[in-house]
Peer 1: 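Got a structure for you, written out below as structure tokens; questions coming shortly.
Both counts, for ligands and for their atoms, begin at 1 and track the order of listing.
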Amino acid sequence: MAERGRYTTLIEAAKKARSHAYSPYSGVKIGSAVLTAEGAIFSGANIENASYGLSVCAERMAIFKAISEGAGKIVAIAVVGKSEDFTKPCGACRQVMVEFNPKMKVLRRGVDGFSEDGSAEKLLPSHFNPEELSRK
Ligand code: ZN
């Protein structure tokens, strides 16, 4: 029950972040927010650039903000768009999610409101494994 309340707050933070998206080229506005094990929330929005390859997704923005602020383990991430069509995390974001917690819960806007897609590792089953790389 308490977990559901925390997710509601997380989703609201992602919705608020969406209003700050900078997307003059695609017009797609996405907001995201991450929840840490300590209960802190960090949010982000997609930021585009005239040199398209420099654009950053909302999910990575939220995760990088959290990590750069010294946040602990990220336990969940919410992704909000205008509809369910643009809330599937891209491959790059999935790999970044797995880096910081393969078990991170992924919540995104679905047809019937918000749905849980499962964990980051479920969304990217054959991902680069940070533990394997660190053994080299
Ligand atoms: Zn992405």
Peer 1: Around atom NZ of K15, are there more than 12 heavy atoms of other residues, nucleotides or ligands at under 6.0 Å?
Peer 2: yes

Peer 1: Would you say the side chain of T36 lies within less than 4.5 Å of the side chain of K73, judging by non-hydrogen atoms?
Peer 2: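 Side-chain contact under 4.5 Å: no.
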
Peer 1: Tell me, please, which residues at least two apart from E99 pass salt bridge (Lys or Arg N to Asp or Glu O under 4.0 Å).
Peer 2: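 Checked E99 against salt bridge (Lys or Arg N to Asp or Glu O under 4.0 Å); zero matches.
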
Peer 1: Which residues and atoms, protein N, O or S only, are under 2.8 Å from the Zn ion (ligand 1)?
Peer 2: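 As for protein N, O or S atoms lying under 2.8 Å from the Zn ion (ligand 1), they are C57 SG, C90 SG, C93 SG.
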
Peer 1: Among Ile, Leu, Val, Met, Phe, Trp and Tyr joined by side-chain contacts under 4.5 Å, find the other residues sharing a cluster with V34 and list them by chain and number.
Peer 2: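 Grouped by the 4.5 Å side-chain rule, F42, I63, F64, I67, I74, I77, V96, M97, F100, M104, V106, L123 form the rest of the cluster around V34.
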
Peer 1: Show me, pair by pair, the donor-acceptor contacts under 3.5 angstrom made by side chains of residues 20-30, not counting sequence neighbours?
Peer 2:
| residue | atom | partner | partner atom | Å |
| --- | --- | --- | --- | --- |
| S23 | OG | V28 | O | 3.0 |
| S26 | OG | V28 | N | 3.0 |
| S26 | OG | E48 | OE2 | 2.4 |

Peer 1: Looking at K103, R94, K105, which hits salt bridge (charged side-chain N to carboxylate O under 4.0 Å, His left out) with E121?
Peer 2: K103

